[in-house]
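Scroll down for the structure; my scribbles are underneath it.
These numbers were taken from a predicted model, which means no experiment stands behind them. Positions are given from 1, in the same order as the sequence printed here.
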Amino acid sequence: MSPTVRHIGRQLRAQWAGYLSIFLFLSVGTAYALPGSNTVFSDDIVDGQVHTADVADDSLTGRDIRILGNRDIANDALGTGQVGESSLGTVPVAGQAGSGRVGTGSCGESPSYIDCGSLPIDLAKPGRLLIIASVVIGTELFVRYVLGPCRLEVNGAPIDASETLFQFDDEGGQTPSTGFPPEGAGGQATLTAVSHVYPTGRQIVGVECSLYAPGEGLDGTGGEADAYVDISAVALSDG
C-alpha cells in the first residue's frame, strides 16, 4: 500500500468522530458537554425530568429541598421528631381557645327578670361560648319561702335551656306548699350552657333572675331574697 493511501486512511479514521457529531447535531439537536465539576444548574434540566430512579436513596438533605406540598408527603409520615415546634403557627380555629373571663354580681327581688351579674368576652374569631354560673340565694329570717327562676343570657338574649327554678324556705329546705312542683333547686345551683355561634367581637355574658320572697322579717318589713353570682365564660371554636 502506497504512503499516500495510508495517509488518507489515517485522516479518515481521525475525522470520523467529528463527522458523527455533526450528523447527530443535525438529526437530533444540540448536545454539549458541561466543563468542570458541580456545573449542572436548574436551567440545565428540563422541568419534571428528574425522577426517583435518578436520585440515590438517602442522598438528599434538607438544604436540597426548598418547598414541599401535600402530595410530596405521605399520610402519617411526619412525627414530632421531624417538625420543629418553633416553626409552627397557631391553628386558625384555635386562635381563641382557652381565652375566658370571670366575674361576680348580685341582685334582689323582682317580679320580672333583672341583671344579677355580667362580664364581657372578646371573640378573636366567630365561635361558641361555654358559660358556667354558680348562683347562691340568700334570705332574711322568717321569710316563708323563696320562689323564682334564674337563667343565663348573652347580649340580652336569654338561653332558655339554662333556666333553673329556685324554690326553698328560709332554712334552705324544699317548699312544695307554694303550689308549684317541688323540683326547684334549693339555695344554690350551677347554671351551664354552650351557646350558638357568635360573630367576632365583644359579647356580654350574664345571669338574670326573677325572685319572690313573701313573709315578714324580724324588723316587720317584707321578706327579702338576694342572688349572689359567680360567672365564667370561655371562648370555643365554631365547630
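Across all their heavy atoms, Ser118 and Ile204 have their closest contact at CB-CG2, 4.1 Å. Contact record, Ile114 with Gly108: CD1-O, 3.6 Å, taken as the closest heavy-atom pair. Scanning all heavy atoms of the two residues, the minimum distance from Ile121 to Ala233 falls at CD1-O, 3.6 Å. Contact record, Ala213 with Glu109: N-OE1, 3.0 Å, taken as the closest heavy-atom pair. Taking both residues in full, the closest heavy atoms of Gln188 and Ser134 are given as NE2-OG, 3.7 Å, listed atom of the first, atom of the second, then distance.
Residues forming a ring-ring contact (aromatic ring centres under 6.0 Å, His included) with Tyr113 (at least two apart in sequence, or on another chain): none. Remark: Asp230 engages no residue in a side-chain hydrogen bond (donor to acceptor under 3.5 Å, both in side chains) (not counting sequence neighbours).
Put simply, the side chain of Ser162 gets close to the backbone of Leu152: a donor and an acceptor are under 3.5 Å apart. Ser210 contributes a side-chain N or O that, together with a main-chain N or O of Ser110, makes up a donor-acceptor pair within less than 3.5 Å.
Between the CG atom of Leu211 and the SG atom of Cys150 there is a distance of 5.0 Å, given to the nearest 0.5 Å. Between Ile131 atom CD1 and Arg101 atom CZ the span is 14.0 Å, to the nearest 0.5 Å. Atoms CG and CD, from Leu147 and Gln167 in turn, are 5.5 Å apart once rounded to the nearest 0.5 Å. Here the OH-CG distance, from Tyr198 to Leu129, works out to 7.0 Å after rounding to the nearest 0.5 Å. Glu208 CD to Glu163 CD: the interatomic distance, rounded to the nearest 0.5 Å, is 9.0 Å.
SG distance check for Cys107 and Cys209: not under 2.5 Å.
When each of Val205, Thr192, Val154, Val194 is tested with Ile159 by the rule side-chain contact (heavy atoms from CB on, under 4.5 Å), just one qualifies, namely Val154.
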- Message: Walk me through whether Leu191 and Ile132 qualify under side-chain contact (heavy atoms from CB on, under 4.5 Å).
- Response: CA-CA 6 Å; Leu191 284 56; Ile132 303 174; over 6 Å; no
- Task: Give the intermediate values and the outcome of side-chain contact (heavy atoms from CB on, under 4.5 Å) for residues Ser232 and Val102.
- Result: CA-CA 4 Å; Ser232 62; Val102 295; 3.7 Å; yes
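Residues Tyr212 and Leu165 fall within the same hydrophobic cluster, defined by Ile, Leu, Val, Met, Phe, Trp and Tyr side chains chained together at heavy-atom separations under 4.5 Å.
Put simply, the side chain of Lys125 does not reach to within 4.5 Å of the side chain of Asp238, judged on heavy atoms.
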